[in-house]
Amino acid sequence: NTALRRPYQKQFVQASFQSTDLYFLSESRWLILTSFLLIGITIFCFAYTVKTLFSQHKLALLKDDFINNMTHEINTPLSSIAITAEALKKFDHDRQTREEYLDIITYQTKKLTALTARILNTSRLTKKLPLKNERVELNTLINKAINDMRAQISEAGAVINYDADKTTVFTYGNEADLQNVIINIIDNALKYTDEVPVINITLKHHQHSAQLIFADQGIGIPAVYEAKVFDAFFRVPKGNMHNVKGYGLGLSYVKEVIKHCGGSIAVTANKPSGSVFTIQLPMN
């Protein structure tokens, strides 16, 4: 009898759940949510670990390739210097022969100096060390870079077509590094070609930016590797062919210099063959 007042009457009390499944689900919702959250975190950590392991493996392979290339590049001039110096020491040569041997030593020494300078410059940029920036006139800089490479251009029989902007174009950056950027791109165009190198350089300016375009007719870069060529130590796979030696640092250095200047660089295909490097720099 559930009546509270007289006259007492029998009353029925009924208790029920509309849906036991919904009830238990409602009561356990936080437990379920936290369980799914923990499962998600576990899957994410596992995927991130696997990705990191593959990245580390890739970096290890790139490092080994870099060390192998670097060892070869350093060993070649060192061996040449050692053999030439030994020949000068052991034999009594005439003046012309001595001059030729000394020229060999000087040339190989310059190669070693350029190699160490490139590595040091790349290290300096990647460590974000302060650089001395200045106002740079791009037309003068491009002509200077082409003039500095006249020996390599002449040796390769290359054709350099430079279309300069009619107005004076200034940017802000480190002049020596920007010149090295131009030299690096031209040097790659000279090396990576099966025909007589033809390089078209164009300097344009827009309202607030300068555009520097290098178009070559070389072997080109496969589209799948276009975004990777600016990574440190990366070289486009060529199977077992190693016709051109390198360290995978040139374009990485180029990208860091352009980035430091507040600009950008991109590479696209130059139909029917070759590559086009486009550099955007803020005007000063």
Side-chain angles (χ1 to χ4, degrees), residues 55 58 61-62 65-66 69 118 122 125 138-139 141-143 145-146 149 152-153 155-165 169 171 173 177-206 208-283:
S55 298
K58 181 181 177 181
L61 293 177
L62 290 173
D65 186 44
F66 168 74
N69 288 330
R118 182 177 294 183
T122 304
L125 287 168
L138 289 176
N139 182 56
L141 188 71
I142 295 167
N143 283 316
I146 295 173
M149 294 199 69
Q152 294 94 315
I153 293 170
E155 182 180 354
V159 178
I160 306 291
N161 301 314
Y162 175 39
D163 183 12
D165 197 281
V169 182
T171 190
D177 284 324
L178 285 172
Q179 183 176 341
N180 285 335
V181 164
I182 299 170
I183 290 174
N184 264 289
I185 296 176
I186 295 176
D187 185 54
N188 282 343
L190 294 177
K191 291 190 296 185
Y192 295 99
T193 181
D194 296 327
E195 307 291 339
V196 175
V198 177
I199 308 169
N200 298 311
I201 305 173
T202 306
L203 176 62
K204 302 178 182 178
H205 85 279
H206 303 286
H208 299 294
S209 65
Q211 188 178 62
L212 186 55
I213 303 170
F214 298 84
D216 64 63
Q217 299 176 9
I219 60 177
I221 300 171
V224 68
Y225 298 122
E226 286 179 354
K228 298 180 180 179
V229 294
F230 299 105
D231 295 342
F233 309 133
F234 180 82
R235 300 190 69 204
V236 176
K238 294 293 181 183
N240 293 324
M241 297 179 61
H242 301 282
N243 298 330
V244 180
K245 297 297 180 181
Y247 338 109
L249 289 174
L251 291 178
S252 172
Y253 168 76
V254 166
K255 182 180 179 180
E256 289 296 330
V257 172
I258 299 302
K259 183 179 177 182
H260 178 80
C261 295
S264 62
I265 182 170
V267 59
T268 54
N270 186 21
K271 304 294 183 179
S273 66
S275 301
V276 179
F277 287 87
T278 304
I279 298 175
Q280 298 280 355
L281 289 169
M283 289 182 61

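Just so you know, these numbers use all the heavy atoms, side chains as well, and skip hydrogens, waters and symmetry mates. Everything quoted here is computed from the prediction, not taken from an experiment.
How far NZ of Lys204 is from CG of Leu138: 15.0 Å, rounded to the nearest 0.5 Å. Taken to the nearest 0.5 Å, the CG atom of Leu190 stands 11.0 Å off from the CD1 atom of Ile183. If you take OG on Ser264 and NZ on Lys259, they are separated by 12.0 Å, rounding to the nearest 0.5 Å. The line from CD1 of Ile160 to CE of Met149 is 8.0 Å long, rounded to the nearest 0.5 Å. Considering CZ of Phe277 and CG of Leu251, their distance stands at 5.0 Å, rounded to 0.5 Å. For the atom pair Gln280 CD and His208 NE2, the distance stands at 13.0 Å (nearest 0.5 Å).
For the pair Glu226 and Ala269, the tightest heavy-atom approach, listed with the atom from each and the gap, is OE2-N, 3.6 Å. Across all their heavy atoms, Leu281 and Cys261 have their closest contact at CD2-CB, 3.9 Å.
Looking at heavy atoms from C-beta onward, Ile279 lies in side-chain contact with Ile185 at the 4.5 angstrom threshold. Residues Asn180 and Val257 fail the side-chain proximity criterion, which asks for heavy atoms closer than 4.5 Å. Looking only at side-chain heavy atoms (C-beta outward), Ile199 and Ile153 stay at 4.5 Å or farther from each other. Between Ile146 and Ile201, some side-chain heavy-atom pair lies under the 4.5 Å cut-off.
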Between Thr171 and Leu178, is the side chain to side chain contact (heavy atoms under 4.5 Å, CB included) condition met? List the steps. CA-CA 10 Å; Thr171 190; Leu178 285 172; 4.0 Å; yes

Take Asn184 and Tyr253, measure what side chain to side chain donor-acceptor pair (under 3.5 Å) needs, and give me the verdict at the end. CA-CA 9 Å; Asn184 264 289; Tyr253 168 76; 5.8 Å; no

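Looking at residues two or more places apart in sequence or on another chain, you find a side-chain contact (heavy atoms from CB on, under 4.5 Å) between Thr193 and Glu195, Pro197. For Thr268, the side-chain contact (heavy atoms from CB on, under 4.5 Å) partners two or more places apart in sequence, or in a different chain, are Val276.
The side-chain hydrogen bond (donor to acceptor under 3.5 Å, both in side chains) analysis of residues 156-165, with sequence neighbours excluded, yields the pairs Asn139-Tyr162, Asn161-Asn200, Asp165-Thr167, Asp165-His205.
In the displayed structure, His206 atom NE2 is contacted under 6.0 Å by more than 12 heavy atoms of other residues, nucleotides or ligands.
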Side-chain donor-acceptor distances from residues 210-224 under 3.5 Å, at least two apart:
residue, atom, partner, partner atom, Å
Asp216, OD1, Gly218, N, 3.0
Asp216, OD1, Ser275, N, 3.0

